[in-house]
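Single-structure report; data block below.
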Amino acid sequence: MEEMKDEILEYVIDEYIEDEDDEITYDTPLISSGIVDSFSMVSLKRFLEAKYQISIPDEKASPEAFDTVNSIVVLVKEFIG
Amino acid sequence: MGYSDKVREMYKEQIKGIHDAGIFKQERFIHSAQAADIEVEFPTGSSLKKVINMCANNYLGLSSHPEVVKAAHEGLDSRGYGMSSVRFICGTQDIHNELEKKVTEFLGTEDTILFPSCMDANAGVFEAILTEEDVMISDRLVHASIIDGIRLCGAMHDTFKHSNMGHLEKKLILHADKRLKVVITDGVFSMDGDTAKLDEIVELCDKYDAMVFVDDSHASGFIGKTGRGTHEHCGVFGKIDIITTTFGKALGGASGGCVSGRKELVEMCRQKARPYLFSNTMAPVIVAGILKVLDILSKSTERRDKLEANTKYWRKGLTEAGFILKEGNTPIVPVMLFNAKLSQDISKDLYDEGIYAIGFFFPVVAKGQARIRTQISAGHEIHHLDKALDAFTKIGKKYDILGKTKQEIIEMYGL
Ligand SMILES: Cc1ncc(COP(=O)(O)O)c(C=O)c1O
């Protein structure tokens with residue numbers, strides 16, 4: 001669980017943060033704050049599916065579900081066995 | 001009445017918002033032909049002012065070149081003014097076909113299709129060749145017209161960090177299961193004047209079985225030893241699957257664009273690209289002018305060589321004066337000022353000195369990256385550049401920014 005949280009946070013930082021000074025945490029809003037635009041949600045979804053061997057239906061991949069690292073973890077866990 | 005007072009007020013409010021945000025765009029009326037020396041009416045209603053143009057995309061100085069103008073006149077006389085038709089009904093003349101062949105040869109591709117503009121080429125190409133089964137992976141700083149084209153296409157879209165090859169490779173791996181992958185980049189990026197790492201991109205695309213798309217609008221005609229573009233510069237001539245470019249910048253500057261590349265992809269555009277199918281053909285007079293431009297450029301590299309020399313002179317002069325420039329070796333030379341207001345103030349003062357150069361700031365460039373973007377031309381003579389350098393130096397002194405670091409400028413003027 002903790003490990004997954006960190007993996008996802010690391011991915012988000014690596015993928016979306018251009019300026020090292022920007023700090024983000026498990027609770028930082030990603031989509032509603034504009035850090036991740038809805039365009040880029042695609043790659044986040046693909047990353048999660050590949051990494052955790054799951055398939056997230058499009059209707060579940062809502063901006064709300066993807067808005068923080070914590071909420072993403074909840075979503076992923078729903079689909080892992 | 002649909003356009004009620006309420007609706008009018010709503011738009012007025014929005015326009016006021018644009019004003020208040022300091023991003024209201026205003027045209028300056030030029031009363032002469034496009035060249036290094038122009039006559040400008042600005043502000044509107046004021047008397048004409050002679051200024052040196054440092055912000056045109058007229059990289060090769062061909063926009064008003066006598067031979068090009070003459071060829072255009074001849075085209076006008078022999079092929080008329082307009083065609084009043086899209087290409088595939090009755091809008092294709094022999095010279096449209098000839099131009100497509102000449103562009104193919106010049107860019108080292110298999111085939112070419114003309115579009116009314118490069119904006120249209122970019123808007124139409126992706127939808128014509130890709131479907132939901134495919135993925136487009138674009139550099140995060142590609143031109144707005146490419147973003148529009150991507151939006152119009154049903155294929156999946158993902159991005160990679162600007163010129164970051166490690167990140168691009170990760171994305172190619174992530175999307176390995178897609179039917180087709182296209183990596184999308186500008187050849188020369190118009191705001192920073194940096195060049196895509198096309199050699200590395202081609203290598204990665206070979207390894208992961210992806211196609212390469214390059215918009216070479218700010219490169220065609222002058223980047224590379226013989227001016228063929230970024231692919232020539234990077235040693236991957238003949239290896240780019242799709243090139244789009246414009247005739248509205250170095251290549252005469254009138255208008256028009258094209259998709260040039262693998263012949264099946266070009267054929268798909270001819271069959272399916274909407275701006276090709278549903279917009280009027282390029283005017284004969286413009287086609288005749290571009291044919292002459294390609295003729296001039298194929299015979300001699302004199303103009304691009306002069307542009308390269310001018311660019312070196314200009315970069316060296318500004319650097320020695322103490323300005324901070326974006327690194328690069330293209331004729332797009334951004335003078336970094338960081339603060340938005342400072343970029344506007346300096347642009348205004350330069351204009352008073354007879355130098356026309358525009359300040360760019362957020363949202364056109366990232367926050368804290370405000371700049372004056374200068375663009376060098378083969379139409380500039382050394383005396384133009386010297387006069388502009390004198391003016392830049394004078395104004396730089398006025399604001400006390402010469403020899404200062406980024407940090408010092410930010411401390412003085414804020415971000
Ligand atoms: C990179 C790039 N692509 C496309 C365009 C659009 O070209 P055109 O003026 O032919 O529509 C431009 C010009 O603004 C550009 O800079």
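We name chains A, B, ... by the order of the sequence lines, and we start the count at 1 in each one. Please read all numbers here as calculations on a predicted model, not as lab measurements.
Here the CD1 atom belonging to B:Ile372 is positioned 5.5 Å from the CD1 atom belonging to B:Ile346, to the nearest 0.5 angstrom.
For A:Ser33, there are no side-chain hydrogen bond (donor to acceptor under 3.5 Å, both in side chains) partners, not counting sequence neighbours. B:Pro363 meets the side chain to side chain contact (heavy atoms under 4.5 Å, CB included) test with B:Ile23; sequence neighbours excluded. A search for ring pair (Phe, Tyr, Trp, His ring centres under 6.0 Å) contacts involving B:Phe160 returns nothing, not counting sequence neighbours.
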Output all donor-acceptor pairs under 3.5 Å across chain A and chain B; consider backbone as well as side chains.
residue	atom	partner	partner atom	Å
A:Asp14	O	B:Lys161	NZ	2.3
A:Asp14	OD2	B:Lys170	NZ	2.7
A:Glu15	O	B:Arg140	NH1	2.9
A:Glu15	O	B:Arg140	NH2	2.9
A:Glu15	OE1	B:His167	NE2	2.7
A:Glu15	OE1	B:Lys171	NZ	3.4
A:Glu15	OE2	B:Arg140	NH2	2.9
A:Glu15	OE2	B:Lys171	NZ	2.5
A:Glu18	OE2	B:Arg140	NH1	3.1
A:Ser43	OG	B:Asp158	OD1	3.2
A:Arg46	NH1	B:Leu174	O	3.4
A:Arg46	NH1	B:His175	ND1	3.1
A:Arg46	NH1	B:Asp177	OD1	3.0
A:Arg46	NH2	B:Asp177	OD1	3.3
A:Arg46	NH2	B:Asp177	OD2	2.7

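When all heavy atoms of B:Val125 and B:Cys269 are compared, the pair lying nearest together is CG2-SG, 3.9 Å. The minimum heavy-atom distance linking A:Pro29 with A:Ile35 is given by the pair O-CD1, 3.8 Å.
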